[in-house]
Protein chains: 2
Amino acid sequence: MLTLAVSILTMRSIRQDNITFQRMHIESLISYFDNHLRLNEEEKAFVRNNFFEKRVRRRQFILQEGDVCRLNTFVVEGCLRMYMVDEKGREHNLQFAVENWWIGDIGSFHSEKPSKLYIEAMENSIILQIRKEDQLRLFVEHPKFNRIFRVFTENALVSFQNRVLQNISSTAEERYLDFIARYPYLFNRISNVQIASYLGVTPEFLSTIRKKRSQS
Amino acid sequence: MLTLAVSILTMRSIRQDNITFQRMHIESLISYFDNHLRLNEEEKAFVRNNFFEKRVRRRQFILQEGDVCRLNTFVVEGCLRMYMVDEKGREHNLQFAVENWWIGDIGSFHSEKPSKLYIEAMENSIILQIRKEDQLRLFVEHPKFNRIFRVFTENALVSFQNRVLQNISSTAEERYLDFIARYPYLFNRISNVQIASYLGVTPEFLSTIRKKRSQS
DNA sequence: GTTTTTTCTTAAAGTACCTTATTGGCACAC
DNA sequence: GTGTGCCAATAAGGTACTTTAAGAAAAAAC
């Protein structure tokens, strides 16, 4: 009898923890927004009601070529990558996303045309997603989010501009060093194959770059 | 006396034309906005009062390395380019802008840090510019523009993403063909030196690509 | 209309990077 | 234990692209 009571208590405690834990995730998105532009209670409620949590396991896809991207994704925990497969079957990483990053095929999301991209979890991950129609409502009913997302998009644009500049002006070695300097937390977390694909070189050539650097 | 009268008339007529002409320019920006999201009279008035027209001649700069980019620029007529100069003195074109395009160093505009970019007119051009503080007022006083500029920025982001994908996955020849297909009006208008710099290859190599293509 | 500058082309030698193939190491499944 | 990926490293031969130099054509400046 005593044992039973303890076991029920334990279960309840675990359940409680899970609820707290899940609530924490959407709250971390809310505080993320709130840090950019203070939200009122209505706006917070909209976020709570329209983003839903999802858990994806390593190697699971949240978008595949040919699908229309109908969800915008915020990463709470874990790591994902977005990539293209060319006609020779080679993969090319367009973007990684770890904690507090957004990921999605914006082009497909807006045009509602089939995406040419894949988004795959590289680790077991926890994400928050919103449907396109809800995001549109978000922008109409709570115009503040236009401003927030305009700034996010501008920041993303700047980093892609820098990447283009690097690609047309730097060697693979320079791009690798810049990657390490810019994303030290990624560099320790993902394989060199993935980094090579992001930089636009073969893993073999990245390996020779690394060797050369470790020697000098 | 008659001659004098005629000459005054002519002058007035020219002056009149210029005024009409100038008014037309800001109106073309207004109808550009209006096509994206219908503007009311207040919003139109704000645009009329806060964008100012400027004429720049070929080879003139509207931004130079080290300057903070404090203006956002809309091209009414002409053609400009934005580029970086690397440590070896080579120029790398990040973007062109012709009629109805926006150009500016968004990173510097927001951070107010010195830009690493140049923006130079490649033809005599007519542009409309807004100061940063006025654009911020635009966003606060007329929230609709957050939405408009969010969409512009998203479109720009998509095209830079495509460019990154191309740079890491395609050969110079493929990128050249794509450039021609995507921007036929630019291809006829700017020199191959500039196109090469945009694609990230030397003019000499672009020349061999062109030769190879003209033969087959 | 002439000079000056810029653009386009060609060619040869050099370098950055790719392809293919082979190896060994490490994690995970059966 | 043995098989089965997946990842990192290495090497040799090949290709894409650069560098340098030089000449001709076109455009811009005077």
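Labels below follow one simple rule: chain letters A, B, ... track the order of the sequence lines, proteins then strands, and each chain is numbered from 1. Bear in mind that the values here come from a model prediction, so they are computed numbers and not experimental data.
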May I ask you to decide whether A/D134 forms a salt bridge with A/R131, counting only side-chain N to carboxylate O separations under 4.0 Å? yes

What is the separation between atom NZ on A/K88 and atom C1' on D/dT15, rounded to the nearest whole Å? 11 Å

Can you tell me how far C1' of C/dA16 sits from OH of A/Y176, to the nearest Å? 18 Å

Using atom CD of A/E91 as one end and atom P of D/dC6 as the other, report the distance to the nearest whole Å. 11 Å

Using the six-membered ring of B/F109, assess whether NZ or CZ of B/R70 lies under 6.0 Å from its centre and within 45 degrees of the ring axis. no

Does any donor atom in the side chain of B/Q129 or B/T73 lie under 3.5 Å from an acceptor atom in the other side chain? yes

Distances under 3.5 Å between nitrogen or oxygen atoms of protein and nucleotides 22-29 of chain C:
none

Checking A/R182 against A/F179: charged group under 6.0 Å from the ring centre and within 45 degrees of the axis? no

Considering every strand and a 4.0 Å limit on heavy-atom distances, what is the contact class for B/T202: base, sugar-phosphate, or nothing? base

Hey, does the side chain of B/D105 reach the backbone of B/G107 with a donor-acceptor pair shorter than 3.5 angstrom? yes

Gap between atoms CD1 and P, on A/I195 and D/dC6 respectively (whole Å): 19 Å

Between B/E133 and B/R137, does any side-chain N to carboxylate O distance fall below 4.0 Å? no

B/E174 CD - D/dA16 P separation (whole Å): 10 Å

Flag this pair as yes if the NZ/CZ of A/R213 is under 6.0 angstrom from the six-membered ring centre of A/Y176 and inside a 45 degree cone about the axis; otherwise no. no

B/M122 atom CE is separated from D/dA27 atom C1', nearest whole Å, by 14 Å

Any donor-acceptor pair under 3.5 Å linking the side chain of B/S31 with the backbone of B/D34? no

Give each protein N/O atom lying under 3.5 Å from an N/O atom of nucleotides 5-10 of chain C, with the pair distance.
{"residue": "C/dC8", "atom": "OP1", "partner": "B/N192", "partner atom": "N", "Å": "3.2"}
{"residue": "C/dC8", "atom": "OP2", "partner": "B/N192", "partner atom": "N", "Å": "3.0"}
{"residue": "C/dC8", "atom": "OP2", "partner": "B/V193", "partner atom": "N", "Å": "3.1"}
{"residue": "C/dT9", "atom": "OP2", "partner": "B/S207", "partner atom": "OG", "Å": "3.3"}
{"residue": "C/dT9", "atom": "OP2", "partner": "B/R210", "partner atom": "NE", "Å": "3.2"}
{"residue": "C/dT9", "atom": "O5'", "partner": "B/S207", "partner atom": "OG", "Å": "3.4"}

Rounded to whole Å, the CZ-P distance (A/R90 to C/dC17) equals 15 Å

Roughly, in whole Å, what's the span from NZ in B/K212 to C1' in D/dC17? 13 Å

Check A/E112 with A/K132, please: is the shortest side-chain N to carboxylate O separation under 4.0 Å? yes

